[in-house]
Amino acid sequence: NAGVMQNPRHLVRRRGQEARLRCSPMKGHSHVYWYRQLPEEGLKFMVYLQKENIIDESGMPKERFSAEFPKEGPSILRIQQVVRGDSAAYFCASSPRGTAPLVEAFFGQGTRLTVV
Amino acid sequence: AQSVTQLGSHVSVSEGALVLLRCNYSSSVPPYLFWYVQYPNQGLQLLLKYTSAATLVKGINGFEAEFKKSETSFHLTKPSAHMSDAAEYFCAVTHTGGGNKLTFGTGTQLKVEL
């Protein structure tokens, strides 16, 4: 059973370009969380999704950021018109259920976005 | 609202010495608390979690943590450090109904010296 797969592992974008980050949850997991880790900081919650639904996007910046988790395929975190401040590590976590922290969420290895 | 404070962004210990990483939390509701470890360029791995059962929680790799409500603390300890313990450690909090929407501390970088 493969773990949470994130790709690409490293992504370089020029200012103004779009960044697409992909997360394939563990098999059987239908809940996905995205976190962002800025340099020298802890992880910050961004968004929580179930298949085809955004459950909680309270941590998402109001502009340029969007996320989806379609019925088929990976979850996508999309950042439009990237700026240098978007440079960070973006982590995805998945769990089979979302309501109970008794059920562990498994983290991927992250995508390290560098905006030049 | 919930928050986590990790005192000491860098901790250095000698191999074989006690490891103590501090975590204090703030929560208006009963918390669930976690410790994660992150090795360079890797994702986070769960070390242990407190979910209102026993206050002394044992985790992987010989780590344990004790939930102290009176002190709002959840410090991580290991009796004897090993070189392979060098990594960054994060304390995190959530609550009933919070699911896996975690609030993380800023992390403590553990260095283990010979």
Side-chain angles (χ1 to χ4, degrees), chain A residues 2-10 21 23-26 29-50 53-60 88-112 114, chain B residues 1-10 21-25 27 29-54 57 59-60 67 74 87-109:
Chain A
V4 178
M5 303 300 292
Q6 290 189 249
N7 67 82
R9 292 288 309 278
H10 299 275
L21 288 61
C23 169
S24 297
M26 289 181 69
H29 288 195
S30 58
H31 298 254
V32 165
Y33 300 78
W34 285 94
Y35 289 84
R36 176 167 64 174
Q37 184 179 29
L38 294 168
E40 307 300 320
E41 294 188 18
L43 280 73
K44 304 286 188 194
F45 168 79
M46 298 182 76
V47 62
Y48 162 37
L49 310 104
Q50 294 179 33
N53 287 300
I54 296 175
I55 306 302
D56 182 342
E57 56 181 347
S58 57
M60 287 280 270
Y90 292 82
F91 289 95
C92 167
S94 75
S95 69
R97 299 189 297 277
T99 56
L102 296 173
V103 179
E104 179 184 349
F106 292 84
F107 282 79
Q109 293 183 305
T111 293
R112 280 151 183 84
T114 302
Chain B
Q2 297 182 301
S3 66
V4 169
T5 301
Q6 291 184 242
L7 290 175
S9 58
H10 293 81
L21 304 182
R22 299 179 185 274
C23 172
N24 288 89
Y25 70 91
S27 179
V29 296
Y32 295 142
L33 293 155
F34 304 77
W35 275 100
Y36 285 86
V37 60
Q38 184 182 29
Y39 297 100
N41 298 316
Q42 298 292 317
L44 277 71
Q45 181 182 6
L46 181 65
L47 278 177
L48 50 80
K49 61 186 177 185
Y50 165 76
T51 54
S52 74
V57 181
I60 62 171
F67 172 70
F74 190 57
E88 188 148 25
Y89 292 80
F90 291 96
C91 183
V93 64
T94 187
H95 59 87
T96 300
N100 282 295
K101 178 183 177 182
L102 301 169
T103 299
F104 283 86
T106 52
T108 297
Q109 187 71 45

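Please read these numbers as outputs of a predicted model, since none were measured by experiment. Within every chain, numbering begins at 1; the chains are lettered A, B, ... in the order of the sequence lines, protein sequences first and strands thereafter.
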task: Kindly compute the distance separating CZ (A:Phe107) from CG (B:Leu102), expressed to the nearest 0.5 Å.
output: 5.5 Å
message: Please determine whether the number of non-hydrogen atoms from other residues, nucleotides or ligands lying under 6.0 Å from atom CE of A:Met60 exceeds 12.
response: yes
message: Looking at chain A, which one of B:Ala92, B:Gly43, B:Ser52 has the largest number of heavy-atom pairs inside 4.5 Å, strictly under?
response: B:Gly43
statement: All heavy atoms of B:Gln38 vs all of A:Phe91, minimum pair found to be NE2-CZ, 3.2 Å
message: Taking side chain as everything from C-beta outward and backbone as N, CA, C, O, which of these in A:Gln6 sits under 4.5 Å from a heavy atom of chain B? Side chain, backbone, both or neither.
response: neither
Max heavy-atom pair count under 4.5 Å with chain B, selected residue of A:Arg112, A:His10, A:Lys44: A:Arg112
task: Could you pull out the closest heavy-atom pair between B:Lys101 and A:Tyr33, with the gap in Å?
output: N-CE2, 3.6 Å
- request: Check each atom of A:Tyr35 against the heavy atoms of chain B and say whether the ones under 4.5 Å are side chain, backbone, both or neither.
  value: side chain
task: Kindly compute the distance separating CD (A:Gln37) from OG1 (B:Thr106), expressed to the nearest 0.5 Å.
output: 10.5 Å
